[in-house]
2 protein chains.
Amino acid sequence: MDFKKTESILRALGEQNRLKIITYLSMKTLCVCELVEILDISQPQVSQHLRKLREVELVTEEKRGRWVYYSLNNIHALYPVVLHIVSTLPLVQLNEIRAICD
Amino acid sequence: MDFKKTESILRALGEQNRLKIITYLSMKTLCVCELVEILDISQPQVSQHLRKLREVELVTEEKRGRWVYYSLNNIHALYPVVLHIVSTLPLVQLNEIRAICD
DNA sequence: TATATATATAATAGTTCGTTTATATATTAA
DNA sequence: TTAATATATAAACGAACTATTATATATATA
């Protein structure tokens with residue numbers, strides 16, 4: 001992984017909401033509206049943060065009906081580094097997600 | 001390490017010149033003028049990048065005479081993560097540093 | 001078909017960032 | 001003591017970033 005690419009990936013990781021998205025996705029594939037509820041930020045904000053993570057291919061997306069599900073890209077060259085970073089972060093709980101989606 | 005602090009550390013790491021500084025410091029303690037020569041960027045640029053790394057305590061400094069020597073902070077909570085990142089970067093060589101310092 | 005939901009994107013404004021240039025301070029050497 | 005070297009910092013400017021607001025598209029439901 002060259003310096004330029006690593007720079008852009010670390011930039012994508014260097015934001016609290018995106019770190020939280022990565023942390024939750026490391027536990028479970030989630031759709032946008034679930035992330036909106038979990039992170040308690042606006043839908044456009046979640047979409048824009050996901051875009052940054054998509055641009056550097058840290059996450060993958062899969063459309064199912066109305067929903068778009070996001071997962072950590074576990075074949076990314078820096079996937080082990082990402083998990084290492086997540087392991088240093090506070091434990092978060094993935095409580096029952098209130099069915100606000102729908 | 002909380003999300004806010006991790007954000008600021010990843011931001012400090014998310015820049016090519018700073019990634020190179022970290023990479024070289026992982027091999028050897030170096031003074032500012034040596035980094036200026038190795039990275040081939042201006043002295044104020046090196047000093048400002050070092051400041052960002054100092055602010056998040058990724059590096060430590062030690063003044064000896066006219067020179068200020070910088071080292072990786074190996075007791076930083078994220079030191080293992082930093083080494084993990086460095087291990088994914090291209091190998092760099094620390095050739096004889098022409099004695100431009102002095 | 002009309003409406004509601006899920007999502008993405010664009011425009012805007014305020015903020016942070018990186019580079020350049022100029023300068024100040026400390027230390028050493030002449 | 002004067003000059004040179006090593007370093008830090010500040011100001012200025014353009015670029016990149018983030019949040020907000022508005023809107024467009026796709027899909028499902030009534």
Side-chain angles (χ1 to χ4, degrees), chain A residues 3-22 24-25 29-56 58-71 97-102, chain B residues 3-22 24-25 29-56 58-71 97-102:
Chain A
F3 285 91
K4 202 175 183 62
K5 201 133 201 206
T6 304
E7 165 183 302
S8 63
I9 290 154
L10 292 173
R11 263 185 209 237
L13 290 171
E15 202 279 333
Q16 285 191 66
N17 288 309
R18 292 196 291 270
L19 276 177
K20 286 178 187 164
I21 289 173
I22 290 289
Y24 284 105
L25 292 185
T29 290
L30 293 165
C31 71
V32 178
C33 60
E34 288 171 327
L35 286 167
V36 168
E37 188 198 345
I38 293 168
L39 302 177
D40 197 27
I41 58 179
S42 71
Q43 176 271 314
Q45 240 180 310
V46 171
S47 281
Q48 310 230 36
H49 285 309
L50 284 169
R51 170 146 67 146
K52 295 242 171 192
L53 295 172
R54 245 190 294 124
E55 279 169 357
V56 296
L58 283 176
V59 300
T60 59
E61 54 171 341
E62 190 199 343
K63 181 159 187 170
R64 296 187 214 147
R66 272 190 278 188
W67 294 275
V68 180
Y69 282 84
Y70 282 87
S71 308
I97 295 159
R98 254 177 310 139
I100 61 154
C101 305
D102 233 339
Chain B
F3 285 90
K4 202 175 183 64
K5 202 131 201 207
T6 304
E7 165 184 303
S8 64
I9 290 155
L10 292 174
R11 264 183 206 240
L13 290 171
E15 202 279 333
Q16 285 191 67
N17 288 309
R18 292 197 291 269
L19 277 177
K20 286 178 186 164
I21 290 173
I22 289 289
Y24 284 105
L25 293 186
T29 291
L30 293 164
C31 70
V32 178
C33 60
E34 289 172 327
L35 286 167
V36 168
E37 190 198 344
I38 293 167
L39 302 177
D40 197 27
I41 59 178
S42 71
Q43 176 271 313
Q45 242 180 307
V46 171
S47 281
Q48 310 230 37
H49 286 309
L50 285 170
R51 170 146 65 146
K52 295 244 172 189
L53 294 172
R54 247 190 292 122
E55 279 169 358
V56 296
L58 283 175
V59 300
T60 59
E61 53 171 343
E62 189 198 346
K63 182 160 187 168
R64 296 187 215 149
R66 271 189 278 188
W67 295 275
V68 180
Y69 282 85
Y70 282 86
S71 308
I97 296 161
R98 255 177 309 141
I100 61 153
C101 304
D102 231 340

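Worth knowing before you read on, the calculation uses all heavy atoms, side chains too, and leaves out hydrogens, waters and symmetry mates.
Here the closest non-hydrogen pair linking B:Ser71 and B:Leu25 is C-CD1, 4.3 Å. The two residues B:Gly14 and A:Leu10 have their closest heavy-atom pair at CA-CB, 3.8 Å. The shortest non-hydrogen separation linking B:Val56 to B:Ser8 is CG1-O, 3.8 Å. The two atoms that bring B:Glu34 and B:Thr29 nearest to each other are OE1-O, 4.5 Å, heavy atoms only. Residue A:Tyr70 comes nearest to A:Arg54 through the heavy atom pair OH-NE, 3.2 Å, listed as atom of the first residue, atom of the second, then distance.
Contact annotation: side chain of A:Glu61 to base of C:dT7, donor-acceptor pair absent below 3.5 Å. Checked by distance alone, B:Gln43 brings a side-chain donor or acceptor within 3.5 Å of a matching partner on the base of D:dA8. One N or O donor and one acceptor, one from the side chain of B:Gln48 and one from the base of C:dT20, sit under 3.5 Å apart.
In this structure, A:Glu34 atom CD and C:dT7 atom C1' are separated by 14 Å, rounded to whole Å. Distance NZ (B:Lys4) to C1' (C:dT16): 14 Å, rounded to an integer number of Å. Between the CH2 atom of A:Trp67 and the P atom of D:dT29 there is a distance of 7 Å, rounded to whole Å. Atom pair B:Leu39:CG and C:dT19:P shows a separation of 11 Å (rounding to whole Å applied). Rounded to an integer number of Å, the gap from CZ of A:Arg66 to C1' of D:dT29 is 7 Å. The separation between B:Glu55 atom CD and C:dT16 atom P is 13 Å, rounded to whole Å. Residue B:Gln16 contributes atom CD, which lies 12 Å from atom C1' of C:dG18 at whole-angstrom precision. A straight line from CZ of B:Arg64 to C1' of D:dT7 spans 15 Å, rounded to a whole angstrom.
Between B:Lys52 atom NZ and B:Arg18 atom CZ the span is 5.5 Å, to the nearest 0.5 Å. In this structure, A:Glu7 CD and B:Asn17 CG are separated by 8.5 Å, a value rounded to the nearest 0.5 Å. Atom CG in A:Leu53 sits 6.0 Å away from atom CD1 in A:Ile21 (nearest 0.5 Å).
Considering only the side chain of B:Asn17, C:dT19 comes nearest among D:dT27, C:dT19, C:dA10. Nearest to the side-chain atoms of B:Arg51 among the listed nucleotides C:dT9, D:dA8, D:dT9 stands D:dT9.
DNA chain D is contacted by no residue of residues 5-15 of chain B, taking any non-hydrogen atom closer than 4.0 Å.
Between A:Val59 and A:Ile22, the closest side-chain pair of non-hydrogen atoms falls below 4.5 Å.
Stems are defined here as 3 or more consecutive Watson-Crick or G-U wobble pairs with pairing distances under 3.5 Å; those involving DNA chain D are C:1-30 with D:1-30.
Using a 4.0 Å heavy-atom distance criterion, B:Tyr70 is classed as a sugar-phosphate-only contact.
For A:Gln45, a side-chain nitrogen or oxygen approaches OP1 or OP2 of D:dA19 to under 4.0 Å. For C:dC17, neither phosphate oxygen OP1 nor OP2 lies less than 4.0 angstrom from any side-chain nitrogen or oxygen of B:His49. At D:dT18, one or more side-chain N or O atoms of A:Arg18 fall inside 4.0 Å of OP1 or OP2 (strictly under the cut-off).
If you find the closest nucleotide of DNA chain D to A:Lys63 and to A:Pro44, the one lying nearer the 5' end belongs to A:Pro44.
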